[in-house]
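Here is the structure we will look at.
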There are 2 protein chains.
Amino acid sequence: MIGDPWQRQRLLDTFPFLHETPEAFRAELFARVTLVRLPVGQLICHDGDQCTQLPLVLTGTGRVYKLGENGREITLYRVHPGESCVVTTSCILSGRAFPAFAVCESAVEAVVVRPAEVRRWMATSERWREYVFGLIAGRLQEVFGVLDAVLFQRLDQRLIVYLLGLSETGSEREIHMTHQALAVELGSSREVISRVLKGLESQGLLRTTRGVIELLDIPALELRAREV
Amino acid sequence: MIGDPWQRQRLLDTFPFLHETPEAFRAELFARVTLVRLPVGQLICHDGDQCTQLPLVLTGTGRVYKLGENGREITLYRVHPGESCVVTTSCILSGRAFPAFAVCESAVEAVVVRPAEVRRWMATSERWREYVFGLIAGRLQEVFGVLDAVLFQRLDQRLIVYLLGLSETGSEREIHMTHQALAVELGSSREVISRVLKGLESQGLLRTTRGVIELLDIPALELRAREV
DNA sequence: GTCGCTTGGTGACAAAGTCACTGAAGCGCC
DNA sequence: GGCGCTTCAGTGACTTTGTCACCAAGCGAC
């Protein structure tokens, strides 16, 4: 139950589609959900687990990833505020096991919904259905995109695209990230990332120091990312 | 519209969940859908397309796959009778583009549902929702499994697992399939499949002739598929 | 038979992953 | 400052996988 008016407002603002639901729906939502706080690194789902609740993220981000036997891993997607791990939803609605890992990348505040409500609201709320399906389709596209990248794209180009994406959102040419972290994002291994970065550095496209990658020639990097 | 009582019965038998829906729902379904026949090789969805209808497969199978720029491809999953391409569903419900290709692997008879009905039935029929979510979750698991295999498993083992799977369902030791077809299933290339098969052949685990692979030592193959 | 198509084989190379090891930077602590 | 620890990065040797170009074997049509 969420009683605090301020918390209620925050929930509505983080999940804008709720504004368009009937008063009664929101009242039921406030009555049925609970607020949880999870620390950094908290494991939310283990590969093969049954999901028992659906978390709607208010603050912080979750990371969903696949882990291989050899210890290598790859990030599939992130769950940001206003989103939810809809793979969980589909597992709840179908009673299947969750096929990956999910972990709190930063401290997370989330509102958890029980399976009974997830199901019921699918029947009673048009908006809820739209919200859930929008997320599912989005995740599917992300995962399909990852598969495409892994299978069909060269690692140096994937790495460049990833770095350029980071520098764009951060509006910074300096990226603070270890080679290991990059390997995890792209599903590669540290050594290979190091080698690729070294190659790019030797061509003067970027510069690396411990924990930092500085993009020197962004136009050239963009070119390189697109070439055959 | 499907009027023919025999066709109606066939539809109900292929999609058993329909038996559990109210009479009124089935009546509406029969009234709103149309039967189509598609020839082998017919392209159903193009990567990036908007989906405009949901096909429920009665006979035949569809194949959903990703195609890389270099021409390599990988099969993501198949759509069998009684199933539907639910990725299409999620695209319809969210208005996103379909992120892969879909093609008729054999001649397909399907019943097509328009987006308006797909949406409406999500609201009106509990059974329909269950059906759709069951399929979505199943596909997600399949695609996640493919990603896992591609990233973390060795090709020889994936190939063996695939071949053993075929020989099991066919209860045959002889598999009629070209190296190219195997490459497409596993997202590899013909040359590599040839090499791996050659290796297995030289170890006496199987024998290859043009278009045919004969599994000679199934226990040894099973062992090999599990080793580190 | 010959022609042409499909299928499979091969060698050389490039890209990526693995393993074992080294070295270097940062940090806390005394 | 110096010491020790941990984290991060670099390297070389090797394996696996993908790519390219080209050739050879099988098979059907005529």
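Labels below follow one simple rule: chain letters A, B, ... track the order of the sequence lines, proteins then strands, and each chain is numbered from 1.
- A 4.5 Å side-chain heavy-atom check between Val161(B) and Gln153(B) finds every atom pair outside the cut-off.
- For Arg37(A) and Glu109(A), the salt-bridge test passes: some basic side-chain N is under 4.0 Å from an acidic carboxylate O.
- Between Arg72(A) and the phosphate of dG17(C), there is a side-chain N or O to OP1/OP2 separation shorter than 4.0 Å.
- Between the CG atom of Leu159(B) and the C1' atom of dT17(D) there is a distance of 13 Å, rounded to whole Å.
- Among the nucleotides dA16(C), dA9(D), dG9(C), the one closest to any side-chain atom of His179(A) is dA9(D).
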Please produce a list of atom pairs where a protein N or O lies less than 3.5 Å from an N or O of nucleotides 21-24 of chain D.
none

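- Distance Gln153(B) CD to dT15(D) P: 22 Å, rounded to the nearest Å.
- Scanning all heavy atoms of the two residues, the minimum distance from Leu151(A) to Arg72(B) falls at O-NH2, 3.3 Å.
- Residues meeting the side chain to side chain contact (heavy atoms under 4.5 Å, CB included) test with Arg210(B), sequence neighbours left out: none.
- Remark: of the listed residues Leu54(B), Leu135(B), Val64(B), Val64(B) is the sole one forming a side-chain contact (heavy atoms from CB on, under 4.5 Å) with Cys85(B).
- Residue Ser194(B) has a polar side-chain atom (N or O) positioned under 4.0 Å from OP1 or OP2 of dG9(C).
- Ring-plane geometry between Tyr131(B) and Phe17(B) is classed as parallel, the angle between the planes falling under 30 degrees on a 0 to 90 degree scale with a further cut at 60.
- The nearest whole Å value for the distance from the CD atom in Gln180(B) to the P atom in dT19(D) is 12 Å.
- Ion pair Glu185(B)/Arg78(B) flagged as a salt bridge, since at least one NZ, NE, NH1 or NH2 atom sits closer than 4.0 Å to an Asp/Glu carboxylate oxygen.
- Ring pair Tyr65(B)/Phe101(B) is parallel by interplanar angle, where below 30° counts as parallel and above 60° as perpendicular.
- Atoms CZ (Phe152(B)) and C1' (dT16(D)) sit 16 Å apart, rounded to a whole Å.
- Under 4.0 angstrom from either OP1 or OP2 of dG17(C) there lies no side-chain N or O belonging to Asn70(A).
- Relative to the side chain of Thr178(A), the nucleotides dA9(D), dA16(C), dG8(C) differ in distance, and dA9(D) lies closest.
- Computed from coordinates, the Arg158(B) CZ to dG18(D) C1' distance equals 13 Å when rounded to whole Å.
- Here dT17(D) presents its C1' atom at 15 Å from CG of Leu197(B), a figure rounded to the nearest Å.
- Using a 4.5 Å cut-off on side-chain heavy atoms (C-beta onward), Val146(B) and Ile74(B) make contact.
- As rounded to whole Å, 14 Å separates atom C1' of dA15(C) from atom CD of Glu227(A).
- Rounded to whole angstrom, the span from the NE2 atom of His176(A) across to the P atom of dA9(D) amounts to 12 Å.
- Within the nucleic acid shown, Ser189(A) comes within 4.0 Å of at least one base atom, counting heavy atoms only.
- Arg154(A) pairs by the side-chain hydrogen bond (donor to acceptor under 3.5 Å, both in side chains) definition with Asp156(A), not counting sequence neighbours.
- Heavy-atom distances under 4.0 Å link DNA chain C to no residue of residues 198-206 of chain A.
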Identify the pairs formed between an N or O of the protein and an N or O of nucleotides 26-29 of chain D at a distance under 3.5 Å, and give each distance.
from: dG26(D); atom 1: N2; to: Arg210(B); atom 2: NH2; distance (Å): 3.3

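- The distance from atom CG of Leu186(B) to atom CD of Glu73(B), rounded to the nearest 0.5 Å, is 12.0 Å.
- Counting non-hydrogen atoms under 4.0 angstrom, Arg195(A) reaches a base of the nucleic acid.
- With sequence neighbours excluded, no residue forms a side-chain hydrogen bond (donor to acceptor under 3.5 Å, both in side chains) with Ser106(B).
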